[in-house]
Amino acid sequence: MYQQTWIEAFKEQQTAMGVTQGQLADMAGISRVHLSRLMNGKQELTDRHKAMLDAALDKFLPDALTAKVDYVRIRFPTQDVQHMIEDILWLRMRHIAQKPCSFYGYTSMFYHGDIAVLLSPYEERGILLELRGKGCTQFGNLLNGQCRSWGEFFQHCLDAKGVCKRLDIAIDDRAGFLNIPKLIEKCGRGECVTRFRCYEVNESSENTYLEEQRLERERWEKIFS
């Protein structure tokens with residue numbers, strides 16, 4: 001009775017999510033025949049099978065695998081700060097504060113929250129836009145209010161001849177799609193196809209991460225103080 005109740009509840013959830021038998025079997029790594037026998041009671045459904053099927057179905061959740069922009073650094077061949085802020089970022093100059101800084105050789109910072117625009121007295125350096133973790137989150141919220149996507153924003157940057165010096169994408173894998181040790185092994189075997197000539201692996205414990213966050217906060221506090 002318990003087994004049948006579990007199967008009925010599982011099938012109901014599967015149907016509600018719009019997942020077919022074929023998709024579920026592929027995600028679970030078993031044949032459709034094997035899956036059919038399990039779900040029809042023709043083969044014993046063990047706790048291991050249930051865990052395997054639950055994990056496979058979880059991977060079809062809308063937020064099982066998400067990605068977000070986590071770091072942006074773009075240099076523009078201009079010293080027109082107002083153009084940069086109003087025409088590229090779509091912000092108002094009256095909402096922007098300014099302070100001196102000494103960062104990457106730039107001497108002046110225009111900022112709104114953690115959104116930073118750096119200006120240098122040397123024309124060849126142009127303007128540098130830098131969005132770190134919080135800055136990306138804040139600017140992402142602004143983009144939503146502007147009815148723009150990150151893709152549209154980056155296109156505006158390209159149209160303004162901006163050169164992307166760094167772009168980090170953070171991936172949140174809640175369902176276990178990505179096996180990081182296995183991906184590292186594949187890179188080591190030369191199975192990663194990329195235009196880049198090298199890669200590096202950075203690992204950190206929770207304590208290391210917290211220490212990095214603390215140092216980052218102190219650095220920004222010094223800049224804005």
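From a predicted model like this one, the values you see are computed outputs, not experimental measurements.
- A donor-acceptor contact shorter than 3.5 Å links the side chain of Q146 to the backbone of L89.
- Rounding to the nearest 0.5 Å places CE of M27 at 4.0 Å from CZ of F60.
- Side-chain N or O atoms of Q98 include none that pairs as donor or acceptor with a backbone N or O of M109 at under 3.5 Å.
- Separation of atoms CG (L167) and CD1 (I169) is listed at 4.5 Å; rounding is to 0.5 Å.
- Taking the side chain as every heavy atom from C-beta outward, L57 and Q13 approach each other to under 4.5 Å.
- A distance of 6.0 Å separates CZ of F10 from CG of D54, quoted to the nearest 0.5 Å.
- Here the CG atom belonging to L91 is positioned 5.0 Å from the CD1 atom belonging to I96, to the nearest 0.5 angstrom.
- Without hydrogens or angle criteria, R132 side chain to D70 main chain gives no donor-acceptor distance under 3.5 Å.
- The shortest non-hydrogen separation linking R125 to S120 is CD-OG, 3.3 Å.
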Practice task
Would you check, one step at a time, whether the test side-chain contact (heavy atoms from CB on, under 4.5 Å) holds for L143 with W90?
Solution key: CA-CA 9 Å; L143 286 174; W90 290 16; over 6 Å; no
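- If you take CG on N40 and CD1 on I7, they are separated by 8.0 Å, rounding to the nearest 0.5 Å.
- The shortest distance between side-chain heavy atoms of Y106 and I127 does not fall below 4.5 Å.
- Using cut-offs of 30° and 60° on the angle between ring planes, the pair F153 and W150 is perpendicular.
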Exercise for the section: May I have the step-by-step check of side-chain contact (heavy atoms from CB on, under 4.5 Å) for M84 and L129, ending in yes or no? Expected result: CA-CA 9 Å; M84 173 69 203; L129 168 67; 3.8 Å; yes
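- Heavy atoms from other residues, nucleotides or ligands lying under 6.0 Å from NZ of K11 number more than 12.
- At least one donor-acceptor pair under 3.5 Å links the side chain of E152 to the backbone N or O of S149.
- Between the H34 side chain and the S31 main chain, no donor and acceptor come within less than 3.5 Å of each other.
- When side chains are defined from C-beta on, L131 counts as touching I115, because their heavy atoms get closer than 4.5 Å.
- No chain of hydrophobic side-chain contacts below 4.5 Å, direct or via other Ile, Leu, Val, Met, Phe, Trp or Tyr residues, connects L158 to I88.
- Note: the hydrophobic cluster containing Y104 does not contain V163 (ILVMFWY, side chain heavy atoms under 4.5 Å, direct or indirect links).
- Q14 places a side-chain N or O within 3.5 Å of a backbone atom of V19 that can act as its donor or acceptor partner.
- For the atom pair CZ (F103) and CG (L128), the distance works out to 8.5 Å, reported to the nearest 0.5 Å.
- Within a 6.0 Å sphere centred on CD of E191, other residues, nucleotides and ligands contribute more than 12 heavy atoms.
- Among all heavy-atom pairs drawn from C157 and I74, the shortest one is SG-CD1, 3.8 Å.
- Residues Q21 and S36 bring no donor and acceptor atom of their side chains to less than 3.5 Å of each other.
- Both F76 and V69 sit in one connected hydrophobic cluster of ILVMFWY residues. Membership requires side-chain heavy atoms under 4.5 Å apart, directly or through other members.
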Exercise for the section: Assess whether side-chain contact (heavy atoms from CB on, under 4.5 Å) is satisfied between V72 and C136, documenting all intermediate values. Expected result: CA-CA 7 Å; V72 175; C136 286; 4.2 Å; yes
Exercise for the section: Under the side-chain contact (heavy atoms from CB on, under 4.5 Å) rule, what do T107 and Y122 come out as? Steps first, then yes or no, please. Expected result: CA-CA 10 Å; T107 58; Y122 302 105; over 6 Å; no
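- Using a distance-only test at 3.5 Å, with no hydrogens or angles considered, a donor-acceptor pair links the side chain of H112 to the main chain of H95.
- Nearest heavy-atom pair across G22 and R32 is CA-CD, 3.3 Å.
- Heavy atoms of other residues, nucleotides or ligands lying less than 6.0 angstrom from CZ of R189 number more than 12.
- With hydrogens and angles disregarded, no donor-acceptor distance shorter than 3.5 Å links the side chain of E130 to the backbone of L118.
- Formation of a donor-acceptor pair under 3.5 Å by the Q23 side chain with backbone atoms of T20 is found in this model.
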